[in-house]
Amino acid sequence: MKKIFIANWKMQLDIKESNSLSKGYARLFKTSRDEVVAAPDFSSLSAVSVNLKKSAVKLCAQDISAYNKGAYTGEVGAQSLKQLGVKYVLVGHSERRMYFKEGGELINLKISQALKNSLIPVLCIGESFKERQAKKTHLILRKQLEEALVNLKISDDKLIIVAYEPIWAIGSGKAISPQEAESAHVFIKGVSAEIIGQIPRVIYGGSVNANNASDFLEWPNIDGLLVGGASLKLDEFSKIVKLK
Ligand code: PGA
């Protein structure tokens with residue numbers, strides 16, 4: 001099965017920089033045996049979408065409104081994302097949970113909104129260092145999955161992806177060991193299947209780089225990678241996807 005590589009550019013690049021990086025992506029990934037996905041900020045989606053058209057790279061938004069069209073100042077809705085050629089949306093990234101106080105209920109609405117509009121939600125979950133130390137990893141992952149996936153009707157033709165990102169591993173240079181990620185992924189698949197009756201694909205995120213990527217990808221339940229910092233460097237990202 002294809003591995004999934006999602007490049008999360010966060011708010012690291014402005015429109016000009018995203019435009020230029022996406023041209024590099026399009027050059028490198030004219031075709032690809034894996035699913036390669038770029039997630040620029042909202043303001044860059046339009047330019048990046050045009051640049052990626054003739055490549056194998058798919059487009060991801062970093063967030064989605066929980067609501068349909070209406071009086072929701074500052075929000076970006078599913079219809080606009082679809083019109084821009086977006087295929088995936090990140091939901092509940094730990095930076096959104098942490099800095100913008102997103103909680104389970106809102107995340108659940110966003111996933112539902114994505115599914116209704118045939119966008120593939122990438123639900124991000126993960127425990128903090130303190131929670132891991134206290135041996136609460138499974139408890140936290142189960143809680144986050146239950147809150148996010150409750151009452152969703154997911155037909156067989158709809159997909160959902162879960163990104164497992166231990167919070168302290170994000171942007172810190174301290175990835176967890178591939179064995180630990182594998183065992184968390186097995187747990188996540190089991191719990192998700194209980195809740196939605198479908199086993200999602202689960203990708204790992206948190207300080208992935210060109211040196212450690214292949215160690216993660218060897219494991220059977222690690223279906224891909226969510227890459228932040230290392231996706232901003234064309235050469236490094238191409239090594240992660242194993243072009244070189
Ligand atoms: P990182 O970010 O690769 O820079 O750790 C991953 C993410 O937050 O998605």
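As the structure is a computational prediction, the values presented were derived from the model and not from experiment. Read the numbers this way: they start at 1 and go in the same order the structure lists the ligands and their atoms. For reference, positions follow the sequence shown, starting with 1.
- Across Glu102 and Ile107, no two heavy atoms sit closer than the pair OE1-CG1, 3.9 Å.
- Under a 4.0 angstrom heavy-atom cut-off, Ala230 registers as lying outside contact with ligand 1.
- Atoms of ligand 1 found under 4.0 Å from any heavy atom of Glu165 (numbered from 1 in listed order, with element): 6 (C), 7 (C), 8 (O), 9 (O).
- Residues Glu95 and Lys10 are paired through a salt bridge, judged by an N-O separation under 4.0 Å between the basic side chain and the carboxylate.
- When each atom of ligand 1 is checked for a heavy atom of Gly206 under 4.0 Å away, the hits are 5 (O).
- Atom CE of Met11 is surrounded by 12 or fewer heavy atoms from other residues, nucleotides or ligands within 6.0 Å.
- Using modelled atom types, one side-chain atom of Gln144 and one backbone atom of Gly126 make a donor-acceptor pair closer than 3.5 Å.
- In this structure, Arg132 fails the cation-pi test against Phe129, since its NZ or CZ atom is not both closer than 6.0 Å to the six-membered ring centre and inside 45 degrees of the ring normal.
- Hydrophobic clustering, defined by side-chain heavy atoms of Ile, Leu, Val, Met, Phe, Trp and Tyr closer than 4.5 Å, groups Leu90 together with Ile4, Ile6, Val37, Tyr88, Ile120, Val122, Leu159, Ile161, Ile203, Leu226.
- At the shortest separation from atom 2 (O) of ligand 1 among protein heavy atoms lies Lys10 NZ, 3.3 Å.
- With a 4.0 Å heavy-atom cut-off, ligand 1 is reached by the backbone of Ile170 and by its side chain too.
- Ligand 1 places these atoms under 4.0 Å from at least one heavy atom of Leu226: 9 (O).
- Under a 3.5 Å cut-off, the side chain of Glu131 and the backbone N or O of Ser128 do form a donor-acceptor pair.
- Protein heavy atom closest to atom 3 (O) of ligand 1, with residue, atom name and distance, is Gly228 N, 2.8 Å.
- For ligand 1, the atoms lying closer than 4.0 Å to a non-hydrogen atom of Asn8 are 9 (O).
- Close approach of ligand 1 to Gly229 (heavy-atom distance below 4.0 Å) involves ligand atoms 1 (P), 3 (O), 4 (O).
- At a 4.0 Å cut-off, at least one heavy atom of Gly171 sits close enough to ligand 1 to count as contact.
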